[in-house]
There are 2 protein chains.
Amino acid sequence: MPETTGLFFSLFNEIGIIEQLARAQLEARLPEGLITPHFTVLNHLVRVQDGRTPLDLARAFQVPKTSMTHTLAGLEALGLVEMRPNPEDKRSKQVWLTEAGRSLREGTIAALVPQFADLAREFPAERVAAMLPALIELRQIMDARRGRKG
Amino acid sequence: MPETTGLFFSLFNEIGIIEQLARAQLEARLPEGLITPHFTVLNHLVRVQDGRTPLDLARAFQVPKTSMTHTLAGLEALGLVEMRPNPEDKRSKQVWLTEAGRSLREGTIAALVPQFADLAREFPAERVAAMLPALIELRQIMDARRGRKG
DNA sequence: CAAATTTGGTACGATATCGCACTATATAGT
DNA sequence: ACTATATAGTGCGATATCGTACCAAATTTG
């Protein structure tokens, strides 16, 4: 196994573990029945403005549209988003946050603040800031390659 | 949202996206019916020696033991691992790699080598090496905290 | 503008994840 | 030793993910 391969292999291995641990921490703070994708969608809608179509969201998270249909159905059933017809395209819908959706997202973030503060005592925020640019760049590169061949 | 929170939030967001992209690349190289957890188990068994019990593996990957039962059943059905009784504990089993299992793992890694080499043209292995120690340390810290409160 | 193609969304079925409950064995407590 | 508790694994049911097939509306094309 070439050196380069081993390095990337280790990198993705570590990233996979961290992802799993982070997900577990988030889900521990979410109410029963909500999982990471639900929160992620709420968060995305706050950040980029709600009113997106389901397909927009599926693309943003790179999941099949059928998966997004399912996730949105869950959010709607809990009254966290509202699905409205898209006035610009009768095939389509728009996803709007409800007050409950916004406040659930706020509350979850608030619950994470002490978590992160605690973690920062062992792994300082400065170190996070230091590693972020490389991660962002790697993500962008991998994302751009995604379309191309394989 | 405090600065620290925002930084960790961004960090885990990037990590989540990279994990998803890496997983997609791996699964594109796996034969029909095999997914990331299958490969991960094969790989783990090579690295730490096979003969582990299902529970060892569940702990190593921090998944519920029922999930591991399912993953192992899939690997066994495809002849990639062999389940034997554990001579030291009649409740328990041991998971052994078959030749097919070893060679599938080898072949998959071989298929990833050019992928990574290609990626390294845009994101050099040195940069991976540079970011690895911090990721490993973060993973260790988060892992250690897992048991404690929450 | 009619026909062909593309696009947004859902229904449905296959497989995955995981909690709960259960069996069989192992270990601890007295 | 005898009972109580803990541990290894699985069966089952609930929910998640995702591919295929499908419908309805939009767009393209001739």
Side-chain angles (χ1 to χ4, degrees), chain A residues 16-17 19-21 23-28 30-42 51-78 80-96 146, chain B residues 16-17 19-21 23-28 30-42 51-78 80-96 146:
Chain A
I17 297 170
E19 194 275 339
Q20 195 179 358
L21 293 167
R23 169 183 300 242
Q25 283 225 344
L26 169 61
E27 289 184 355
L30 288 176
E32 172 71 22
L34 281 192
I35 58 182
T36 306
H38 295 123
F39 175 78
T40 314
V41 167
L42 292 180
R52 303 289 124 178
T53 71
L55 198 52
D56 284 340
L57 296 170
R59 287 188 179 123
F61 298 115
Q62 299 191 50
V63 297
K65 54 187 183 172
T66 51
S67 303
M68 187 52 64
T69 297
H70 184 77
T71 301
L72 291 172
L75 286 170
E76 193 183 18
L78 290 167
L80 302 172
V81 302
E82 196 182 337
M83 308 291 289
R84 301 188 203 152
N86 184 341
E88 321 220 320
D89 186 336
K90 289 185 187 166
R91 293 168 302 180
S92 180
K93 298 183 176 175
Q94 291 180 333
V95 186
W96 295 88
R146 178 171 42 95
Chain B
I17 297 171
E19 194 275 340
Q20 195 179 359
L21 294 167
R23 168 182 301 242
Q25 283 223 344
L26 170 61
E27 290 184 356
L30 288 176
E32 172 71 22
L34 282 192
I35 58 182
T36 305
H38 295 124
F39 175 79
T40 314
V41 167
L42 293 180
R52 303 289 122 178
T53 71
L55 198 52
D56 284 340
L57 297 171
R59 286 188 181 125
F61 299 116
Q62 298 191 49
V63 297
K65 55 187 181 170
T66 50
S67 304
M68 188 51 64
T69 297
H70 184 76
T71 301
L72 291 172
L75 286 170
E76 193 183 19
L78 290 166
L80 302 172
V81 302
E82 196 182 337
M83 310 290 290
R84 301 189 203 150
N86 185 340
E88 321 219 320
D89 187 335
K90 290 185 187 166
R91 293 169 301 181
S92 180
K93 297 183 177 175
Q94 291 180 334
V95 187
W96 296 88
R146 178 170 43 95

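Labels below follow one simple rule: chain letters A, B, ... track the order of the sequence lines, proteins then strands, and each chain is numbered from 1.
- Under 4.0 angstrom from either OP1 or OP2 of D:dA8 there lies no side-chain N or O belonging to B:Thr53.
- A pairwise comparison of heavy atoms in A:Lys93 and A:Pro54 identifies O-CD, 3.4 Å as the closest pair.
- With B:Thr69 contributing its side chain and B:Lys65 its backbone, the two residues share a donor-acceptor pair below 3.5 Å.
- Between A:Val81 and A:Leu72 the shortest heavy-atom distance is CG2-O, 4.2 Å.
- The distance from atom NE2 of A:His70 to atom C1' of D:dG19 is 15 Å, rounded to the nearest whole Å.
- Protein chain B contacts DNA chain C from C:dA16 to C:dA26, reading 5' to 3' and using non-hydrogen atoms of the protein with a distance under 4.0 Å.
- Taking the side chain of A:Arg91 as heavy atoms from C-beta on, and the options D:dT17, D:dT20, D:dA25, the nearest nucleotide is D:dA25.
- Relative to the axis of its first five pairs, the axis of the last five pairs of the helix from C:dC1-D:dG30 to C:dT30-D:dA1 sits at 30°, rounded to 10 degrees.
- The distance between atom CD of A:Glu32 and atom P of D:dA14, rounded to the nearest whole Å, is 14 Å.
- Between A:Ser92 atom OG and A:Arg84 atom CZ the span is 13.5 Å, to the nearest 0.5 Å.
- The backbone N or O of A:Phe61 sits less than 3.5 Å from a side-chain atom of B:Gln20, completing a donor-acceptor pair.
- For the atom pair B:Gln94 CD and B:Glu88 CD, the distance stands at 7.0 Å (nearest 0.5 Å).
- Residue B:Thr69 places at least one side-chain N or O closer than 4.0 Å to OP1 or OP2 of D:dT10.
- Contact annotation: B:Arg52 does not reach the phosphate of D:dA8 (side-chain N/O to OP1 or OP2, under 4.0 Å).
- Separation of atoms NE2 (B:His38) and CD (B:Glu27) is listed at 10.0 Å; rounding is to 0.5 Å.
- Within 4.0 Å (heavy atoms only), B:Asn86 reaches no atom of the nucleic acid at all.
- Mapping A:Glu88 and B:Ser92 onto DNA chain D by nearest heavy atom places B:Ser92 at the nucleotide closer to the 5' end.
- Among the atoms of the strands shown, only primed sugar atoms or phosphate atoms (P, OP1, OP2) are found under 4.0 Å from some heavy atom of A:Lys90.
- With rounding to the nearest 0.5 angstrom, the CG atom of B:Leu42 is 10.5 Å from the OG1 atom of B:Thr71.
- The backbone N or O of A:Ser67 sits nowhere less than 3.5 Å from a side-chain atom of A:His70 that would complete a donor-acceptor pair.
- Nucleotide D:dG9 holds its C1' atom 7 Å from the NZ atom of B:Lys93, rounded to whole Å.
- With DNA chain D read from its 5' end, the first of the two nearest nucleotides for A:Lys65 and A:Gln62 is the one closest to A:Gln62.
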